[in-house]
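Worth knowing before you read on, the calculation uses all heavy atoms, side chains too, and leaves out hydrogens, waters and symmetry mates.
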Amino acid sequence: MGERADGADLTRVNSYQWPSGHVAHLTEGQLGALARFKKICQEKGYYNPGDNEIPPTHDDETLLRYLRARKFIPSEAFTQFKDTEDWRKEHQLDKLYDTIDIHEYDQTRRLYPQWTGRRDKRGIPFYVYEIGDLDPKEVSVYSNSKDSKKQSTNTKTPWRMLKLFALYENLCRFILPMCSAIPDRPHGETPISQSNNIVDLSGVGFQKLWNLRSHMSDASKLATAHYPETLDRIFVVGAPSYFPTVWGWVQKWFDPITVSKIFILSPKDMASTLSKYVDRDNFPKKYGGNLDWKFGDMPNLEPAIVNSMRWKEDIQLNGHRTLPIGPIRWEYDENGDLMAMAVGTENGKPRRRVIAGLHPEPTVAPLALSPGRVDAPLSPTASRTTAHASEAAAPIQSTSNMASSDLSANGVQATSTTGTYIMPFKDNSANGVSSPAADSRAGTSSTKFAQQDGTHAHGQLADGTPQQHRDARGERQAVVEPNTVGQAPKEHPMKEPDFEEPQPSMMEQAKDTAGQAVEQAKVLPTTVMSAVGLGGQTTETKEQEVRKEDPAIDRMDGKNVEEFLRSQTKSKREQT
């Protein structure tokens with residue numbers, strides 16, 4: 001394969017399948033792209049390579065996530081990396097993770113993909129998301145909830161999104177570093193930086209999925225923007241019969257690398273296909289495996305994980321070792337060993353207790369203990385493994401790095417005035433300045449009639465009578481441009497209606513309803529991918545391009561069309 005001028009290696013679609021494109025499995029072109037990426041980040045103040053005493057601010061595997069997400073083009077990777085580092089600082093994610101209420105955290109966990117406590121055959125953690133288990137009413141209450149405890153984070157971001165941040169932080173701060181440190185896995189020299197997911201659509205009607213689309217899109221927006229390349233494979237099970245066909249239509253909206261990670265499994269092939277990638281003991285019985293775990297349970301920890309850790313707390317679930325609720329993160333002790341620390345807030349008090357210890361093998365690849373910048377120095381023993389993340393912080397951006405277009409002539413950052421109104425005032429000092437100027441168009445009072453010239457209000461508002469016309473029932477209706485007081489020109493010329501607009505026929509209404517159903521069905525796969533934080537590249541234009549009317553409507557007789565239309569428009573009382 002050749003190389004791009006900017007160093008990106010031109011590789012085939014499956015080139016980023018783990019471990020390709022990860023630490024210890026990079027081509028020469030990819031190594032060159034990583035070096036250039038580090039240089040750009042360092043020059044801009046977002047990366048420090050460290051030295052013999054201080055580790056780098058970011059480990060290579062974390063940096064590679066951004067490069068893989070941007071096809072190993074360093075300049076594009078830096079744009080996303082910079083945005084994420086600024087975003088982490090703005091939302092104080094390190095502080096949030098250490099202080100979130102553990103019960104609010106667990107409430108959020110139950111509404112999103114959940115770790116089973118198991119890994120696939122490569123050592124990558126295995127998650128399950130059962131859409132049918134979600135209650136749209138419960139999700140609505142969760143989405144509209146307020147932060148009653150006033151968390152100490154200064155941000156305008158909705159609280160539901162902050163709690164979702166904590167789930168991604170748990171993946172990056174606890175689960176992925178642990179899976180990386182567990183020995184006896186293939187390619188132990190390469191850190192684990194991704195997860196696998198089952199998305200279960202069993203018994204989920206389209207209406208329920210449609211009602212949940214906003215909830216699931218939150219994960220997609222967050223992962224795509226700030227946690228790139230943390231998802232490996234998706235196994236879609238329990239999908240309706242038409243899903244594979246619809247997926248065939250819309251998969252062109254997704255990146256080819258993304259498409260290669262998605263498997264649509266039929267009930268017949270589900271267990272056999274999953275067992276190719278995951279040992280049967282490590283996926284739930286519901287899907288043909290042997291694991292005693294159901295959606296909502298805390299993790300049923302894999303024996304290899306249990307045996308690798310030195311436990312200080314014995315927490316059991318159905319006779320199996322599990323974890324406490326709430327956020328957990330790793331720290332290094334004075335001997336360089338990892339400590340699993342339960343953090344967060346419990347009953348209004350900070351929680352900080354050691355759950356277990358783990359001694360990393362020298363031959364096992366480490367992963368940074370934070371997905372963001374790490375500035376805290378390590379002890380000499382700990383520095384041989386990875387960076388400490390208890391006090392991560394993003395760099396402060398100076399105004400010199402801001403685009404010149406963002407600053408006005410006096411150095412003040414420009415702001416948009418869209419949607420604002422100028423309020424008249426007069427300076428009573430000697431200079432007699434007024435604003436707006438005296439001859440400007442700013443109202444329709446008795447002294448401003450001249451300002452109505454050239455508008456639809458010309459010659460009318462002086463008498464307090466806007467233009468009127470009689471409707472079909474003979475009643476007078478005033479005609480005033482919305483959101484104006486008579487001074488704005490009409491966007492469309494007024495026309496005295498001679499007759500009412502004809503209503504669409506029953507056949508036209510039926511075709512429109514069918515067309516909407518087809519369009520919504522095509523959005524279904526994108527909604528499903530959003531469930532695990534993998535958004536598509538659909539746009540309104542693309543949806544319009546592929547929208548087609550259902551040809552079956554054209555073949556219906558009048559009676560069937562009427563029945564179809566009634567079924568689409570019957571009242572909620574009739575539906576229940």
Side-chain angles (χ1 to χ4, degrees), residues 97 102 105-106 108-110 112-130 166-186 188 191-198 230 232-233 235 274-275 277-331 337-344 351 353-361 364-367 369:
Y97 192 69
I102 64 173
Y105 176 95
D106 195 59
T108 306
R109 180 190 69 86
R110 293 173 179 274
Y112 286 101
Q114 299 171 15
W115 184 41
T116 59
R118 303 302 172 107
R119 304 172 298 160
D120 71 3
K121 293 181 178 181
R122 301 166 298 171
I124 295 178
F126 196 69
Y127 281 68
V128 172
Y129 197 18
E130 294 186 15
L167 295 185
Y168 277 98
E169 290 293 299
N170 185 70
L171 170 68
C172 295
R173 288 176 176 270
F174 176 67
I175 298 174
L176 294 178
M178 178 176 61
C179 292
S180 297
I182 300 299
D184 300 327
R185 61 177 175 84
I192 301 295
S193 59
Q194 297 176 309
S195 65
N196 285 323
N197 283 260
I198 283 181
T230 53
D232 186 56
R233 294 172 177 151
F235 301 94
L274 286 173
S275 62
Y277 302 97
V278 189
D279 290 332
R280 285 187 181 264
D281 288 342
N282 289 337
F283 63 90
K285 294 178 179 178
K286 180 177 181 179
Y287 309 113
N290 302 324
L291 179 62
D292 183 15
W293 181 92
K294 63 180 184 298
F295 190 74
D297 285 350
M298 291 299 290
N300 182 338
L301 294 178
E302 183 181 342
I305 295 175
V306 172
N307 296 334
S308 297
M309 301 175 69
R310 301 189 303 275
W311 295 92
K312 297 184 180 299
E313 289 191 9
D314 184 13
I315 303 174
Q316 298 284 328
L317 173 67
N318 299 326
H320 302 289
R321 179 87 66 173
T322 188
L323 300 167
I325 66 170
I328 305 172
R329 63 180 173 88
W330 292 103
E331 295 182 4
D337 288 347
L338 287 168
M339 299 182 299
M341 186 76 66
V343 294
R351 179 181 74 162
R353 69 175 191 265
V354 176
I355 301 170
L358 177 63
H359 181 72
E361 298 290 337
V364 173
L367 181 65
L369 305 187

Exercise. Report the C-alpha distance between I315 and M298 in whole Å, list the side-chain angles of each, state the deciding distance to 0.1 Å, and finish with yes or no for side-chain contact (heavy atoms from CB on, under 4.5 Å).
Key: CA-CA 10 Å; I315 303 174; M298 291 299 290; over 6 Å; no
Quiz item: Do F126 and W115 have their ring centres less than 6.0 Å from each other?
Solution: no
Quiz prompt | For V128 against P284, the heavy-atom pair lying closest together | solution = CG2-CG, 4.3 Å
Quiz item: Going through the checks in order, is the ring pair (Phe, Tyr, Trp, His ring centres under 6.0 Å) test met by Y277 and F235?
Solution: CA-CA 11 Å; Y277 302 97; F235 301 94; 5.6 Å; yes
Quiz item: Going from CG on L367 to CZ on R173, what distance comes out if it is rounded to the nearest 0.5 angstrom?
Solution: 12.0 Å
Quiz item: Quick one: CD1 on I355 to CE on M339, what's the gap to the nearest 0.5 Å?
Solution: 11.5 Å
Self-check item: Derivation and outcome, side-chain contact (heavy atoms from CB on, under 4.5 Å), residues Q114 and F295
Solution: CA-CA 7 Å; Q114 299 171 15; F295 190 74; 3.2 Å; yes
Practice problem: Kindly write out the residues that satisfy side-chain hydrogen bond (donor to acceptor under 3.5 Å, both in side chains) with D279, not counting sequence neighbours, or none if the list is empty. | Solution: none
Quiz item: Should we count NZ of K312 as having more than 12 external heavy atoms under 6.0 Å?
Solution: no
Quiz item: Is the NZ or CZ atom of R321 both under 6.0 Å from the centre of the six-membered ring of W311 and within 45° of that ring's axis?
Solution: yes
Exercise. For the pair R118 (side chain) and N300 (backbone), establish whether a donor and an acceptor sit closer than 3.5 Å, ignoring hydrogens and angles.
Key: yes
Quiz item: If you take all heavy atoms of P125 and L176, which pair is closest and at what distance?
Solution: CG-CD2, 3.9 Å
Quiz prompt | Atom pair CD (E331) and CD1 (I328), whose distance is rounded to the nearest 0.5 Å | solution = 12.5 Å
Quiz item: What closest approach, in Å, do G296 and R110 show between heavy atoms, and which atom pair accounts for it?
Solution: O-NH1, 3.3 Å
Quiz item: Where do N170 and I175 land on the side-chain contact (heavy atoms from CB on, under 4.5 Å) test, with the steps shown first?
Solution: CA-CA 7 Å; N170 185 70; I175 298 174; 3.6 Å; yes
Quiz item: Could you give the distance from OH (Y168) to OG (S195), rounded to the nearest 0.5 Å?
Solution: 8.0 Å
Practice problem: Please name the pair of heavy atoms, one in P327 and one in R351, separated by the smallest distance, quoted to 0.1 Å. | Solution: O-NH2, 3.2 Å
Quiz item: Judged by modelled atom types alone, do N282 and R119 share a side-chain donor-acceptor pair under 3.5 Å?
Solution: no
Quiz prompt | Nearest-0.5 Å distance, CG of residue N197 to CD1 of residue I124 | solution = 11.5 Å
Exercise. Heavy atoms only: give me the nearest I102-V343 pair and the separation to one decimal.
Key: CG2-O, 3.9 Å
Self-check item: Enclosure of D184 CG (heavy-atom neighbours >12, cutoff 6.0 Å)
Solution: no
Exercise. Determine yes or no for a side-chain-to-main-chain donor-acceptor pair under 3.5 angstrom, with K121 supplying the side chain and S275 the backbone.
Key: yes
Quiz prompt | Rounded distance [0.5 Å steps], CZ in R329 versus CG in L369 | solution = 9.0 Å
Practice problem: Heavy atoms only: give me the nearest G123-R185 pair and the separation to one decimal. | Solution: CA-CD, 4.5 Å
